[in-house]
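In what follows, a single structure is set out as structure tokens and then discussed.
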Amino acid sequence: MVGLKPSDIPPTPGVKFLSAGTAACIADLFTFPLDTAKVRLQIQGEKTAVEAAKNIRYRGVFGTITTMIKTEGPRSLYNGLVAGLQRQMGFASIRIGLYDTVKQFYMNGRENASIGIRILAGCTTGAMAVSVAQPTDVVKVRFQAQMNLRGVQRRYKGTLHAYKTIFLEEGVRGLWKGTLPNITRNAIVNCAELVTYDIIKEAILKHNLMTDNLPCHFVSAFGAGFCTTVVASPVDVVKTRYMNSPPGQYTSAINCAWRMLTREGPTAFYKGFVPSFLRLGSWNIVMFVSYEQLKRAMMKSKQSMEYVA
């Protein structure tokens, strides 16, 4: 292995797993306010949300961020960050870090992966990730929806209190509330995100438009973010509404979607689209660029250690 560049050495599954989780946490630190704004826009129109803040109206992503800073303070933009980072370490590590490994498994020795195999790999790792990290997602969404206003009682005092309260009041099912729509959403997101990134990057390199470096990763990630937002927004809105709802408000995720359609119309499924795109686009750029660089740095470090040994 001496004399090989880090980019020539294929990263191990362990390196990809750790790099993906770390890169996702870095991306969350940069884009969390956009995600919080998206959640607030998505729940706007719900009865409970209207009653909590009768005189507050969110208008657009930057308007929402400005309103939150004025009414609740800057810290409100990072409500649920601890649960968000916990989620990424368990969630992104699996869905992104294991994607190539699962893809190779489905290829069964074949040289090139078809779109069908890539989609299947994306669905598999997405479903696996949700099964493990669902409680962290529930807590994150509820914290982001929680308003820090005078006269409005806060549902949870802290991350551990949220896990404990949800478990005691709603049982284990409460912590895994919205698993089905979340699996659906993340199967779609994972496929759109990873498969699109995979295909765009592969096409760029195949046609020698760019080399395998930062600009290539940036363009691929931007395209993946846009495609993912268009495809996943309706499921994402339903997931957010259902996970944030108090017990008994909706009988199921399908019931939530039906009531949104009949009461607010089809456009309700694209509430928060702009912040969703801004968040997913910027998140994808930061995450994939960080992921590629972390993989190379880890492999370079590993190669140096092996050389010394």
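What you see is a predicted model; the values in this text were computed from it and never measured.
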What's the verdict on side chain to side chain donor-acceptor pair (under 3.5 Å) for Y106 and T124, showing C-alpha distance, side-chain angles and the deciding distance?
CA-CA 10 Å; Y106 285 133; T124 302; 2.9 Å; yes
Heavy-atom pair with the smallest gap, counting every atom of G122 and N190
O-ND2, 2.8 Å
Inspect the surroundings of CD1 in I254 and state if more than 12 heavy atoms from other residues, nucleotides or ligands are less than 6.0 Å away.
no
Tell me the closest heavy-atom pair linking W176 and S131, and the distance in Å.
NE1-O, 3.2 Å
Show the nearest heavy-atom pair for residues D28 and G84, with the distance to one decimal.
OD2-O, 3.6 Å
Just so I know, are the side chains of I94 and F17 near enough to count as touching, which here means a heavy-atom distance under 4.5 Å?
yes
Under a single-linkage definition using a 4.5 Å side-chain heavy-atom cutoff for Ile, Leu, Val, Met, Phe, Trp and Tyr, are I285 and F277 assigned to the same hydrophobic cluster?
yes
Between K140 and L81, does a side-chain contact (heavy atoms from CB on, under 4.5 Å) hold up when you go through it step by step?
CA-CA 7 Å; K140 179 185 81 78; L81 178 63; over 6 Å; no
Any side-chain donor near an acceptor of the partner, Y99 and D198, under 3.5 Å:
yes
Heavy-atom pair with the smallest gap, counting every atom of F273 and T229
CE1-CG2, 3.5 Å
Decide, yes or no, whether a salt bridge links R142 with E170 under the criterion of side-chain N to carboxylate O below 4.0 Å.
yes
Side chains of T125 and K103 only: does a donor on one sit below 3.5 Å from an acceptor on the other?
no
Donor-acceptor side-chain pairing of Y291 and T22 below 3.5 angstrom
no
Could you check whether any side-chain heavy atom of S93 comes within less than 4.5 Å of a side-chain heavy atom of L18, counting everything from C-beta outward?
no
Look only at the side chain of W258 and the backbone of A253, and say whether a donor-acceptor pair between them is shorter than 3.5 Å.
no
Which atom names give the shortest non-hydrogen contact between V238 and A257, and what distance separates them?
CG2-CB, 3.9 Å
Working note: T12 + M298, criterion side-chain contact (heavy atoms from CB on, under 4.5 Å); need CA distance, chi angles, decisive distance, verdict.
CA-CA 10 Å; T12 63; M298 287 186 183; over 6 Å; no
Just wondering, more than 12 heavy atoms not from F222 lying within 6.0 Å of its CZ?
no
Between N79 and Q144, is any side-chain donor less than 3.5 angstrom from a side-chain acceptor?
no
Write down the atom of Y242, the atom of S252, and the distance for their closest heavy-atom approach.
CE1-C, 3.6 Å
Is there side-chain contact between F167 and R173, with heavy atoms separated by less than 4.5 Å?
no
Minimum side-chain heavy-atom gap Q86-T159 below 4.5 Å
yes
Student check: side-chain heavy atoms of T36 and S76 closer than 4.5 Å:
no
Would you say the side chain of K16 lies within less than 4.5 Å of the side chain of K295, judging by non-hydrogen atoms?
yes
Can a salt bridge be assigned to the pair R241 and E264 using a cut-off of 4.0 Å between side-chain N and carboxylate O?
yes
I'd like to know if D137 and K177 make a salt bridge, using a cut-off of under 4.0 Å between side-chain N and carboxylate O.
no
Within-4.5 Å side-chain heavy-atom neighbours: T165 and Y156:
yes
